[in-house]
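The structure under discussion appears below in the form of structure tokens.
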Amino acid sequence: QVQLVESGGGLVQAGGSLRLSCEASGRTFSSYGVGWFRPAPGKEREFVAAVSWSGGSTFYADSVKGRFTISRDNAKNTVYLQMNSLKPEDTAVYYCAATKLNGGSLYSYHYDYWGQGTQVTVSS
């Protein structure tokens with residue numbers, strides 16, 4: 001069993017930065033792929049970024065590529081999402097999720113555990 005708790009959301013002006021954290025419980029967390037998702041029109045949850053179990057492979061949605069960076073520190077059981085050059089359209093609740101697919105996945109249905117979400121609001 002893995003429990004995930006997100007933090008780091010808030011209100012920021014367009015062009016600003018935030019760093020989200022996803023802290024996990026569970027000794028096997030380091031073997032899980034982890035992703036970040038957010039709601040989008042017509043979708044329950046839109047893929048944002050994912051990282052493999054080792055941190056060696058990362059994947060990004062086209063809409064955030066070059067602006068967001070996902071990373072992990074397995075010693076701290078934590079995954080981070082550094083968000084730079086934020087835009088108003090990035091406003092959403094951001095969820096982290098863990099999958100037993102240790103390479104990570106772009107698809108929400110591959111994920112077994114979800115956090116409660118953290119709100120990010122970007123003002124124009």
Side-chain angles (χ1 to χ4, degrees):
Q1 190 78 4
V2 175
Q3 293 185 321
L4 304 171
V5 178
E6 302 96 332
S7 62
L11 173 64
V12 64
Q13 288 189 327
S17 298
L18 283 174
R19 188 176 81 157
L20 305 185
S21 297
C22 173
E23 187 170 357
S25 63
R27 293 178 295 172
T28 59
F29 178 70
S30 60
S31 66
Y32 285 75
V34 176
W36 286 93
F37 291 81
R38 64 189 183 189
K43 300 178 182 179
E44 182 178 348
R45 288 177 182 173
E46 172 188 58
F47 170 75
V48 176
V51 61
S52 64
W53 69 277
S54 66
S57 296
T58 56
F59 309 91
Y60 298 94
D62 288 344
S63 58
V64 307
K65 201 171 294 183
R67 300 188 298 122
F68 291 11
T69 303
I70 189 170
S71 62
R72 67 190 298 163
D73 184 342
N74 284 338
K76 295 182 179 179
N77 270 8
T78 302
V79 171
Y80 304 99
L81 185 68
Q82 178 67 44
M83 305 188 296
N84 299 329
S85 302
L86 281 161
K87 304 175 181 180
E89 51 263 43
D90 294 319
T91 295
V93 177
Y94 283 73
Y95 298 89
C96 74
T99 174
K100 294 176 184 176
L101 299 175
N102 56 23
S105 174
L106 280 62
Y107 303 104
S108 61
Y109 58 83
H110 282 158
Y111 287 80
D112 307 287
Y113 304 103
W114 292 84
Q116 83 290 346
T118 186
Q119 176 70 47
V120 171
T121 303
V122 184
S123 64
S124 56

Hydrophobic clustering (ILVMFWY, side-chain heavy atoms < 4.5 Å, transitive) - are Y80 and F68 grouped together? no

Which heavy atom in E46 sits nearest to a heavy atom in A40, and how many Å separate them? CB-CB, 3.7 Å

Aromatic ring proximity F47/F59, centre distance under 6.0 Å: no

Minimal heavy-atom distance between A14 and P88, with the atoms involved, is CB-CD, 4.1 Å

I need the minimum non-hydrogen distance between A49 and L81, along with the two atoms involved. CB-CD1, 4.1 Å

Taking all non-hydrogen atoms of both residues into account, name the closest pair between Y60 and T58 and its distance. CE1-OG1, 3.6 Å

Where the side chain of Q13 meets the backbone of S123, is there a donor-acceptor pair that is under 3.5 Å apart? no

Find out if a path of hydrophobic residues (ILVMFWY) with successive side-chain heavy-atom gaps under 4.5 Å connects V120 to W36. yes

Where does the angle between the aromatic ring planes of H110 and Y107 fall among parallel (under 30°), tilted (30 to 60°) and perpendicular (over 60°)? perpendicular

Same cluster or not: are Y95 and L18 linked, directly or through other Ile, Leu, Val, Met, Phe, Trp or Tyr residues, by side-chain heavy atoms under 4.5 angstrom apart? no

Can you tell me if S57 uses its side chain to pair, donor with acceptor, with the backbone of S52 under 3.5 Å? no

Within 45° cone of F29 ring axis and under 6.0 Å: R72 NZ or CZ: yes

Are V93 and M83 connected, step by step, through hydrophobic side chains (Ile, Leu, Val, Met, Phe, Trp, Tyr) whose heavy atoms are closer than 4.5 Å? no

For Y113 versus L4, what's the shortest heavy-atom pair and its separation? O-CD1, 3.5 Å

List the steps, then state whether side-chain contact (heavy atoms from CB on, under 4.5 Å) holds for T91 with Q119. CA-CA 8 Å; T91 295; Q119 176 70 47; 4.1 Å; yes

Heavy atoms of other groups near E23 CD, more than 12 under 6.0 Å: no

Determine yes or no for a side-chain-to-main-chain donor-acceptor pair under 3.5 angstrom, with D112 supplying the side chain and K100 the backbone. yes

Can you label the angle between the Y111 ring and the F37 ring as parallel, tilted or perpendicular, going by 30° and 60°? perpendicular

Nearest 0.5 Å, what's the OG-CZ distance between S85 and R67? 7.0 Å

Hey, mind stepping through K87 and D90 against salt bridge (Lys or Arg N to Asp or Glu O under 4.0 Å) and telling me if it holds? CA-CA 5 Å; K87 304 175 181 180; D90 294 319; over 6 Å; no

Main chain of Q3, side chain of S25: is a donor-acceptor contact present, judged purely on distance under 3.5 Å? yes

Cluster question for you: counting only ILVMFWY and a side-chain heavy-atom cut-off of under 4.5 Å, with indirect links fine, are I70 and V64 together? yes

Straight-line distance of S30 OG to D73 CG, nearest 0.5 Å: 11.0 Å

Atom of T78, atom of K76 and distance for their closest heavy-atom approach: OG1-O, 2.8 Å

Quick check: does any side chain N or O of T118 sit under 3.5 Å from a backbone N or O of S7, one acting as donor and the other as acceptor? no

